[in-house]
Visitor: 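Sharing a structure with you now.
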Amino acid sequence: MDVFDAMTTTGTCRYFRPDPVPEEAFKAAFGAARFAPQGGNRQPIRWIVVRDAERKRQLRDWYLVPWKSYLGAIGVGDISVGTLPKAVTDADHFAEHLDEAPAIVVACARLEDLHPTDTELGRLSVVGGGSIYPTVQNFCLALRAQGVASALTTLLCGYENEVSKLLDIPEGVITAAHVAVGYPARGFPTRLSREPVEDIVFDETYGTRLFQ
Ligand SMILES: Cc1cc2nc3c(=O)[nH]c(=O)nc-3n(C[C@H](O)[C@H](O)[C@H](O)COP(=O)(O)O)c2cc1C
């Protein structure tokens, strides 16, 4: 599959088929994902593939807590999801059925191998994540190239202590994302919603369009 096709059709999958993803597909995706860059090539990432039904149910139960409060925060409260925009309805279905994804892959990282260079700026530090998320996206792309869908999530990261106990994650290793993985029940998206390239790329100084 052409890399541009993979990049433009790796959407966040909300509906999975129950069929398991073969071990070889996982191995190929994890193998390819490693080639993303990380600061100092310190390779902080460790992965846990969760397929056990009981563990997935527990992860779903925890996930639902921040998800339902997020729903509340965007002002929909207990309103029936049938009346909500499709993206929200889909994300709610995803949350309620998270345990039915064939696998939930937990992206972990060894904290000591992250090298954030923006911690003294008095604002949110983001550089540490730069050694993690390119690899996670590579993983999603490599799955996509094999016809396997994914949904990168972070809402469960707030349950890191609980998740660490559940999955025996040692001290010093953090959780950065939980990626639901499986074959898509509704195919892959062909038209993901993104801002026009003309609006987001600048020429020399911020605000001057490079592309007209
Ligand atoms: C850092 C990050 C965190 C995300 N966390 C969640 C999440 O916790 N739950 C969720 O349903 N989707 C999550 N998403 C998926 C986004 O909602 C999704 O990428 C966005 O809505 C665009 O959807 P699309 O890629 O299918 O167009 C996350 C995406 C990113 C990049």
Side-chain angles (χ1 to χ4, degrees), residues 1 3-17 29 33 36 38 44-45 47-48 50 56 58-76 81 84-109 114 116 118 123-145 147-160 162-163 174-197 199-200:
M1 173 178 228
V3 69
F4 282 87
D5 289 340
M7 289 165 72
T8 51
T9 62
T10 302
T12 302
C13 182
R14 303 300 191 185
Y15 299 87
F16 291 98
R17 281 172 25 205
Q38 324 93 40
I45 299 195
W47 304 96
I48 305 172
V50 180
K56 287 193 295 174
Q58 178 62 82
L59 293 175
R60 177 209 55 195
D61 289 349
W62 285 331
Y63 183 93
L64 280 170
V65 179
W67 168 251
K68 293 295 178 188
S69 84
Y70 174 76
L71 268 189
I74 59 175
V76 296
V81 291
L84 299 176
K86 188 174 177 309
V88 180
T89 311
D90 290 346
D92 191 59
H93 177 279
F94 169 80
E96 296 278 0
H97 297 268
L98 181 58
D99 58 310
E100 293 167 32
I104 300 174
V105 174
V106 186
C108 305
L114 301 179
D118 61 346
R123 57 135 173 91
L124 178 72
S125 171
V126 298
V127 172
S131 285
I132 302 172
Y133 296 109
T135 299
V136 175
Q137 181 64 7
N138 257 5
F139 173 62
C140 296
L141 290 170
L143 289 172
R144 170 68 190 95
V148 181
S150 60
L152 192 171
T153 76
T154 54
L155 275 178
L156 250 183
C157 292
Y159 274 75
E160 181 168 287
E162 292 83 351
V163 170
I174 59 149
T175 57
H178 304 79
V179 187
V181 175
Y183 291 99
R186 302 181 174 187
F188 287 96
T190 51
R191 196 177 270 268
L192 294 173
S193 162
R194 298 295 187 265
E195 292 178 271
V197 70
D199 292 356
I200 60 169

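Counting starts at 1 for both ligands and their atoms, in listed order.
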Visitor: So which heavy atom in the protein is nearest atom 14 (N) of ligand 1, and how far is it from that ligand atom?
Guide: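 Going by distance alone, atom 14 (N) of ligand 1 is nearest to L152 O, 3.0 Å.
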Visitor: For ligand 1, which atoms have a heavy atom of Y63 less than 4.0 angstrom away?
Guide: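 Matching atoms, with element in brackets: 7 (C), 8 (O), 9 (N), 10 (C), 11 (O).
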Visitor: Where do L143 and S150 come nearest, in terms of heavy atoms and distance?
Guide: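 Heavy atoms of L143 and S150 come nearest at CD1-CB, 4.2 Å.
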Visitor: Ignoring hydrogens, just give me the one of V136, T10, T153, T12 whose non-hydrogen atom is nearest atom 23 (O) of ligand 1.
Guide: T12
Visitor: Tell me the closest heavy-atom pair linking P66 and L155, and the distance in Å.
Guide: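 Nearest heavy atoms, P66 then L155: CG-O, 3.7 Å.
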Visitor: Is R14 in contact with ligand 1, taking contact as a heavy-atom separation below 4.0 Å?
Guide: yes
Visitor: Tell me whether R17 is salt-bridged to E100, with the criterion being a basic N under 4.0 Å from an acidic carboxylate O.
Guide: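 E100 and R17: not salt-bridged.
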Visitor: Kindly write out the residues that satisfy ring-ring contact (aromatic ring centres under 6.0 Å, His included) with H93, not counting sequence neighbours, or none if the list is empty.
Guide: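 Checked H93 against ring-ring contact (aromatic ring centres under 6.0 Å, His included); matches are Y15, H97.
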Visitor: Can you tell me how the ring of F16 sits relative to the ring of F94, calling it parallel under 30°, perpendicular over 60° and tilted otherwise?
Guide: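 It falls in the tilted class, 30° to 60°.
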Visitor: Which pairs, with at least one residue in residues 130-144 and sequence neighbours excluded, count as a side-chain hydrogen bond (donor to acceptor under 3.5 Å, both in side chains)?
Guide: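 Of all non-adjacent pairs touching residues 130-144, those that pass side-chain hydrogen bond (donor to acceptor under 3.5 Å, both in side chains) are T9-R144.
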Visitor: Please report which non-hydrogen protein atom sits nearest to atom 3 (C) of ligand 1, along with the residue it belongs to and the distance in Å to one decimal place.
Guide: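 The closest one turns out to be T154 OG1, 3.1 Å.
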Visitor: Any idea which of L98, V88, L155, T9 brings a heavy atom closest to atom 8 (O) of ligand 1?
Guide: L155
Visitor: For atom 27 (O) of ligand 1, what's the nearest protein heavy atom and its distance?
Guide: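 Here the closest protein heavy atom is R194 NH1, 2.8 Å.
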Visitor: Is there any N or O on L192 that sits under 3.5 Å from an N or O of ligand 1?
Guide: no
